[in-house]
Every structure is written in structure tokens, then in C-alpha cells.
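Sequential numbering from 1 along the given sequence is applied to the chain's residues.
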Amino acid sequence: TSSCYVAATKSPSMVCVYIFYALVKINRKEVMLAKLRKSCSCTPQKLKNFVMDFFPVLRWLPKYRCKEYIWGDIMSGLVIGIILVPQAIAYSLLAGLKPIYSLYTSFFANIIYFLMGTSRHVSVGIFSLISLMVGQVVDRELLLAGFDLNDDAPPALGDGSLQNDSFSNTTAFNLTIVGINAECGKECYAIGIATALTFVAGVYQVLMGIFRLGFVSMYLSESVLDGFATGASLTILTAQVKYLFGIKIPRSQGHGMLVITWINIFRNISQANLCDVITSAICIVVLVTAKELGDKYKHKLKFPLPTELVVIAVATLVSHYGKLNEVYGSSVSGAIPTGFIPPKVPEFNLMLRVAVDALPLAIVSFVFTVSLSEMFAKKYAYTIRANQEMFAVGFCNIIPSFFHSFATSAALAKTLVKTSTGCQTQVSGVISAMVVLLVLLFLAPLFYSLQKCVLACIIIVSLRGALRKFRDVPARYHVNKMDTLVWVVTMSASALVSTEIGLLVGIVFSMLCIIVRTQRPRTALLGQIQDTNFYEDDLEYKNLSTVPKVKIFRFEAPLYYANRNYFLKSLYRLTNLDPNLEAARRKKYEKKEKQHLKKGNHRTVNGLGIGETTLQLVPKQIDFQALVVDCSSISFLDTTGVNTLKEILKDYKNLNISVLLACCNPSVIDSLKRGGYFGRDFECMQEMLFYSIHNAVLFAKDQNMKQVGLPPSY
């Protein structure tokens, strides 16, 4: 500051400059302080807007058109509620938990999303893929804690009533990393793991919303998601086969679970329970037939047939009155208590154990929810807020984790049912929650005699959509071979290794495919379409005419450090000329010629005269005097890319070949300017850069005519 003041006292003009910069500095400081005060201030209006943004229900519920919306919401809510009950009970097998916890999950998720969600149509609740991911973590931790993974192990609870004191005592003790208290059994530890996992996943999702990390979903392409879902479906199918046959085998854990499970199934197939096999066959036939008929006549049906509920009701009655468990040893669901367990804070020590597992769970849950929300918002012409969706699904995990629930997500199948039955708003979610509440409070014990093989049939039939993806592989391969490869790799890794590893492998492999595509992109020499100003690949199109003395080279990728060598090799290969080798060859001949001339020999080493040597120095393969680089597919240049273009400009100039650039976008032009490609003052820019290939070709032809003494074509 003192130096500026001294300069200002010597020159009046410096005073003005000093004052100007001082004012600018003060203004910037004031602007920053004003923005900070505005963002940190808390006015009643800002608080109101924050609350209404955080709970979107406060905005749309007062505007609810009761006469127009209510009947559609009630109908869709009842149908989804009827579907939710059997699915919740069935998906408890995937999560390795008791059915009551699945019902809790379905109830709380619908209520919370009603308050916080911005989509009018998605159905948030229990989802097979999420249940599988939860179940794998639960099984691993149970195994590490020394528990038997056999489903038919004696339960930790004394009876089915939540009012029983023994139940309260069983769930009241803290869990630790090194072990568990004697009173807390297998079921208590399992739900403790599930709630800790769910809580951490919800925290991750909320943090992603706060820091606006929704861009993470961009790295999950459609091929990765489809492959992941299909691979996980194979894992789900494999895990349910033992219930279809009534085989008593341990739940496999770790990598390669699918292969190990099938080996154990075939080893123990002789122990299959005939009662379970017959029941499974009947249920699958009924469910598949009903689904196919429903798909065929869905336009004539006002709402989908509640086939799962009918199958469960009939199967439960047959199992109860036929005493299938006592007489034939068929495995049943057992006691499902009524009421609610007192809330409990998830264990912090368990959160540390599952913190890594919660990350892929959080990403998959939020990606499915946001993608479905955007899809149906676009279909029905309204907008959602993706960031708020992350908050909504995050709190759908955080809050229910205190009430013995596990992770949730939006589900495509149930969402399609909601829209087909007249859903208008998330009021339908409240109706569905009331149906689940009715089962929780009164009807749950009625499912005591329900066979597990029936639940397995419901799960397997629900996988029809994901397993049908195999039929789409030929069509997918025809459209894009690289995307098909990504799908196969992701599906295989998810099924044969594990779902989490499969997701990671899919993301990494798809990114590697993108890198490979840019490292070895398509290159071509172009020819002119006759009687037009357009140019295309002469290997892809017939009857293209070559431009005399001009080569047109196209590079279909950004030019950056990773593909620089491929760019040069392709250019030299297609033009059949490496300027560096040609320059070296010429220098070699010139050196030898000088040596012969010094000796006074007018004949060269080849026995030719000087004039003949001069002709021989001009190689026959150089059949062009201008190189046009089509930059229409080059989206950007890095420093290496600019230097590469400068290098070929210099190398070809040494051979008296001009290099012309055509169809550059503004970003590429800016990079070339900043890299000094056009010279210090851009004096040669008009002779080096053209807005179309045809303009560059015409310029090259005119230059050739000038060299031979003919007038320009224009």
C-alpha cells in the first residue's frame, strides 16, 4: 500500500488508478459480506420456505383436489397394501429377518415418503434387491458372531406376543463388537445389524444430499444397472431354491455363494421334502399363469389381480388344517407377533462394522429411487427435486432404523401397479400404510402356518422381469456390443462373486470401456460424395471420389495425452507417410550426395546423375500436398493434443505439405489459440482453419494451382 501511495504522490494519474483499485477491493469485500449475511440470516419467511421445501407435503396437500384424486388414491393404496403384505413377508427370507420387521419397514417407509418425497407416483418400501444386500451383511455378521445360519434354529423369542416380558428383555441389551450378551439371541443380533446398516446408509444419503453428490448416479449406466439387477436376481433365485425343495442346507456366505449353494443343493437333493415340492409346483404354476393372464389382459382389468394374497391365504389354510408342518415336516413362517416393539437407537459399535457395506447400499437405493422418480415425472409432466429425493430416501432409512426396520428403496413393479390403478398423489402411500398397519395390529398371527416354500415361490415369480433380460441380449448386442459386454461383466460379477463387488466391477469396467473407446477411436480417410460439398468415409460408402493432391483425415474422439500415439499412428498408416521417417531418409540421401560431390564424382552411389538423384529424393508415395484434418468429432484438446497438432504441422511443413484444420468447435479453437498453434498474433489463422471440409479442400486446390502457375479456381 505504501508503494502505491508514493507512486500516487508523484503522478496525478496514479491517484485515479489507486482509488479505482481501492474501490474495487472495497466493493468486492462488501459484496462478499452481504452474501454471507444473507445466507446466514434467519427470517420467518426463509424459515417457512425451508420447512416447506423439506416437507413438500405442506405445499401440495392444501391444494389437494379431493373429488378428483381421492378415489384413485384409495384404490391404488388398497391394491399396493394388499400386494405389500405378502411381499414383505416373503422378502424377509432375503433379509434373513423375521417377517414382522419387513412389515415395519413397509409401514414407516410409506409414511415418511408421503411427508418428504417429491414424486407423486413412486412406491417406496421393501425391495428384493435391497433386501438381498441387507441379508448378505446380516448373514456375514451372524456367522462371525458364531451363530448358526440354519433357518430352522430355535427362535430367540418365547412366544409371538410383543407384550411378553421375555421379548422386552431379549431386545433390551446392548450389542458389542466382540460378542453379545447371553440374553440377546440370534434374532436380536440380526435386527441389530440390519438397523445399524440402515442407519449408516441413510446418513450417507443425507450427506450426499447436503453436499449435492447426486452426480454419482451418472456413473451407473443403464447397462451397469441392468446387469447388476440381473446378477442379483440370479443370486436371489439361488437362495430360494432350497425352500422350494425343503432342503436343509446352511445359508452360503461370501464370494461364490451362487456356485456353492447350487453344489449343496445337488448334494442334498435326495433329502427333498415331497410336500414342499408339490406345494411349490402348484404355487408357481398358479402365480405364473395369473401373471401372464394379467399382462395379456391388463388393458381390460381395472386393477391387477391380488394373486399373491390369494395364494398365501389358500396355502395358509391348507397348511393349518392339513397340519403340513407336524405331519410332513414342512417348514413354516412361525409366530408373527402383533403390535410395535419399543424404539431403540442403533448400536454405534455395529455401525463401525457395517460402514463400508452401507455405501453401495446407499448408492443403489438412491439411484433406483431417483431414476424411477424422474421417469414417472417425465411421463406425467411434472417435476421432481432430485436433491430432495435423496433427503427423502435417506430419512426413509434413518428414522425407521430406530423402529427395527431395514433399508428401503423405490420399486418399479409396485410403482407400475400404482399408476395403473389410478394413483394421483402420495396419499395412496398412506392408504397402503394403513393396510400394513391393520396386519401389524390384528392379522399377523394368522400367517403362522404359512409354508416358506410359498414365500419362495412369490419371490421367484417376482423376478420374471429381471430374468427376461437374458432374452434381450441378442438385441442389445446388435445395438451396441460394448454395452452388452458391460452388462455381461456386471451380471457375472454380481452373480458369481457378490452383489457389492459386482456393482464396483461394473462401474470400473464401464469407465475403462469409455477410456478404451477414446484411446482407440475410429479413424478414416474421407472421400467426396459426387456432385456435393460433403465428405464421408471411403470404406463405409461406395462411389466416393478422391480429391487429387489432398488427404482428408477424420479422428472420432477428443485428442488428449492417452490417445496421442494412436492418433499419429493412424494418420501415418492411412496416409501411407511418416513425415519423420521421410525427413530422416532425405537427410541421409543429402548427406551421401554431398560426400560424393566433394570427391568430384558426379555420379551417385546408385550410379545415377544429379538430376536423377533429385527425382529419386521425392518419394513416389507422397501423392498429396495438403492434409485436411476433420476436427468435427474432436470435442476437446489438452496440452498434449495441442502439441501433437503443432508437431504434425511442423513435420509436414518440412515436406512442403500444408496442414489444414476443418470443423473445429469453439473449445478446440480456443485451446489452439492459447497453445500458440496459429502464431503469436494469429496472422496465419485464416489460412489454417476452416469452418467446413469443403472450404479447406477448395483452399488446398487453389494453393496447388498457384504452385503450378495456374489461376485460382475462385
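Looking at Tyr101 and Thr195, their side chains never bring a donor and an acceptor atom within 3.5 Å of each other. For the residue pair Glu347/Tyr189, the side-chain donor-acceptor check at 3.5 Å is not satisfied.
Summarising the local packing, OH of Tyr561 is surrounded by 12 or fewer heavy atoms from other residues, nucleotides or ligands at distances under 6.0 Å. The local environment of CE in Met511 is sparse, with at most 12 non-hydrogen atoms from other residues, nucleotides or ligands closer than 6.0 Å.
Under the side chain to side chain donor-acceptor pair (under 3.5 Å) criterion, the residue pairs touching residues 467-484 are Asp226-Arg476, Glu292-Arg468, Asn480-Arg517, with sequence neighbours excluded. Within the structure, every pair that satisfies the side chain to side chain donor-acceptor pair (under 3.5 Å) test and touches residues 487-508, not counting sequence neighbours, is listed here: Gln136-Thr499.
Between the side chain of Asn264 and the backbone N or O of Thr261, no donor-acceptor pair lies under 3.5 Å. Between the side chain of Gln451 and the backbone N or O of Ser319, no donor-acceptor pair lies under 3.5 Å. Side-chain atoms of Tyr328 never come within 3.5 Å of backbone atoms of Leu274 as a donor-acceptor pair (strictly under, hydrogens ignored). Panel note: side chain Asp139, backbone Gly96; no donor-acceptor pair is recorded below 3.5 Å.
The ring pair (Phe, Tyr, Trp, His ring centres under 6.0 Å) search around Phe211 returns none, not counting sequence neighbours. Shown here are the ring pair (Phe, Tyr, Trp, His ring centres under 6.0 Å) partners of Phe403, two or more places apart in sequence or in another chain: Phe108. With sequence neighbours excluded, the residues satisfying ring pair (Phe, Tyr, Trp, His ring centres under 6.0 Å) with Phe395 are Phe54. Residues satisfying the ring pair (Phe, Tyr, Trp, His ring centres under 6.0 Å) test with Tyr204, not counting sequence neighbours, are none.
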(request) Apply side chain to side chain donor-acceptor pair (under 3.5 Å) to the pair Asp276 and Ser330, showing each step before the final yes or no. (result) CA-CA 6 Å; Asp276 285 343; Ser330 181; 2.5 Å; yes

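Under the 30°/60° scheme for interplanar angles, the aromatic rings of Tyr104 and His404 are found to be tilted.
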